[in-house]
Amino acid sequence: MPELPEAETIVRGLASRIVGATVTDVDVVHADVLASPPDDLRRRTRGRAFERLERRGKNVVLGLVGGDVLLVNLGMTGRLFPLAPGEPPPTAATHPAVRFRFRGGGALLFDDVRRFGRVECLGASDWRRRSGALGPEPLGRGFTAARFHLGLSGSRSPVRSWLLDQRRIAGIGNIYANEALHRAHIHPRRVAGSLSHEEARRLHRAVRAVLREAIRAGGTTIRDFRGADGLPGGFVHQLAVYGRESQPCPRCHGSIRRIVFGGRSAFFCPGCQD
DNA sequence: AGTGTATCCTGCAGGC
DNA sequence: TGCCTGCAGGATACAC
């Protein structure tokens with residue numbers, strides 16, 4: 001489910017509720033979302049406070065005092081709900097998987113219908129290594145059109161697959177890959193290394209614009225996504241192609257098509273993407 | 001280095 | 001109403 005804008009929306013909504021909270025215990029309802037045994041997670045988090053909250057790609061990163069990091073990958077249907085002392089979980093939290101209890105009675109609930117999400121606690125150096133294996137942040141300063149073009153060059157994979165590969169660029173998922181390609185007038189199946197300098201520049205701009213606009217709208221809710229405040233994201237109303245098979249292209253009024261490759265649906269307009 | 005396929009799960013929409 | 005199929009925002013492992 002959640003891609004960069006959804007993770008960013010969660011982090012922004014969560015920060016004021018979580019930073020400063022000290023973990024007293026961890027309730028594990030579904031251990032299969034944990035990367036290590038429940039006791040490992042308890043040992044590493046109990047008695048420690050969260051001191052910073054950030055995002056890396058699609059991951060929510062909760063930094064603990066002492067340098068360890070609680071890493072949450074939301075998978076397809078993962079959500080994080082902060083709970084005030086005495087506050088019951090929202091009715092939307094139908095599939096609780098892990099609950100971090102805080103001193104004073106508050107909590108952070110990880111809820112995940114399909115349980116493709118992952119929760120793990122890493123030491124600082126392990127986290128650095130993990131983060132280093134991810135590609136650049138598309139909204140970061142270092143992510144220039146020139147660097148993007150360089151990354152694309154030499155790759156024979158379809159550009160949509162290239163965008164989804166977290167080792168090449170971090171945070172883009174199927175919705176925003178399709179939306180950015182449409183905005184840049186580039187067919188999702190184009191060979192990444194065949195993009196001209198001009199096309200790479202257009203796609204670079206499109207990726208950044210789509211992600212920024214989606215963050216501004218609070219992410220995209222197809223079905224499950226909720227921000228930390230429990231609200232759905234509004235970008236679904238601004239989607240041009242994703243999930244709109246057979247509907248008219250908002251730009252040229254051609255009929256949007258769906259094709260499948262790399263195991264996932266790609267949506268595009270045959271009229272204005274080549 | 002690519003691609004296709006399968007896997008992990010649950011829920012929902014659509015066809016009959 | 002029920003049953004079946006296909007589909008889903010992700011990540012990974014495998015064979016070719």
Whole-Å distance separating the [atom1] atom of [X] from the [atom2] atom of [N]:
X	N	atom1	atom2	answer
A:I169	C:dA11	CD1	P	13 Å
A:R55	C:dG9	CZ	C1'	15 Å
A:E8	C:dG9	CD	C1'	17 Å
A:R167	C:dA11	CZ	P	11 Å
A:R264	B:dT3	CZ	P	14 Å
A:D165	B:dT3	CG	P	11 Å
A:I259	C:dC7	CD1	C1'	17 Å
A:F261	B:dT5	CZ	P	14 Å

Provide the closest heavy-atom pair for A:G75 versus A:P2 in the form atom of the first, atom of the second, distance.
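Taking A:G75 first and A:P2 second, the nearest heavy atoms are O-CD, 2.8 Å.
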
Taking the side chain as every heavy atom from C-beta outward, state whether A:F102 and A:V23 have any pair of such atoms under 4.5 Å apart.
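Sidechains of A:V23 and A:F102: in contact.
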
Looking at side-chain heavy atoms only, is the closest gap between A:S36 and A:R44 below 4.5 Å?
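Sidechains of A:R44 and A:S36: no contact.
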
Taking [X] first and then [Y], would you say they form a salt bridge - that is, a charged N and a carboxylate O separated by under 4.0 Å?
X	Y	answer
A:R216	A:E213	no
A:D126	A:R129	yes
A:E54	A:R52	yes

Fit a plane to each ring of A:H197 and A:H149, take the angle between them on a 0 to 90° scale, and name the class: parallel (under 30°), tilted (30 to 60°) or perpendicular (over 60°).
perpendicular

Is it the case that A:S265 and A:R258 place a side-chain donor and acceptor less than 3.5 Å from each other?
yes

Applying a 4.0 Å non-hydrogen cut-off, can you work out what [X] is touching in the nucleic acid: base, sugar-phosphate, or nothing?
X	result
A:S161	nothing
A:R258	sugar-phosphate
A:R168	sugar-phosphate
A:P158	sugar-phosphate

So does [X] get a side-chain nitrogen or oxygen closer than 4.0 Å to the phosphate oxygens (OP1/OP2) of [N]?
X	N	value
A:N73	C:dG10	no
A:K58	C:dG9	no
A:S155	B:dG2	yes
A:T221	C:dG9	no

Identify, residue by residue, the members of residues 231-242 of chain A with a heavy atom below 4.0 Å from DNA chain B, and return them in order of residue number, or none.
none

Take atom P in C:dG6 and the same atom in B:dT5, then report the distance between them in whole Å.
14 Å

Distance between P atoms of C:dT5 and B:dT7 (Å, rounded)
16 Å

In Å and rounded to the nearest 0.5 Å, what is the CZ to CG distance from A:R12 to A:L53?
12.0 Å

Determine whether more than 12 heavy atoms belonging to other residues, nucleotides or ligands lie under 6.0 Å from atom CG of A:D40.
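Counting other residues, nucleotides and ligands, CG of A:D40 exceeds 12 neighbours.
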
Should stems be defined as at least three consecutive Watson-Crick or G-U pairs with both distances under 3.5 angstrom, which of them involve DNA chain B?
B:2-8 with C:10-16, B:10-16 with C:2-8

Tell me, for nucleotides 6-11 of chain B in 5' to 3' order, what letter each nucleotide earns: B for a base near a protein heavy atom under 4.0 Å, S for only sugar-phosphate near one, - for neither?
--BBBB

Residues clustering with A:F268 (ILVMFWY side chains joined when closer than 4.5 Å, directly or via others):
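So far as hydrophobic clustering goes, A:F268 is joined with A:I259, A:F261.
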
Partners passing salt bridge (charged side-chain N to carboxylate O under 4.0 Å, His left out) against A:D229 (at least two apart in sequence or in another chain):
none

On DNA chain B, nearest-nucleotide positions of A:R156 versus A:G263: which is more 5'?
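Upstream on the strand: A:R156.
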
Using side chain to side chain contact (heavy atoms under 4.5 Å, CB included) as the criterion, list what pairs up with A:R264, not counting sequence neighbours.
A:R160, A:L164, A:N174

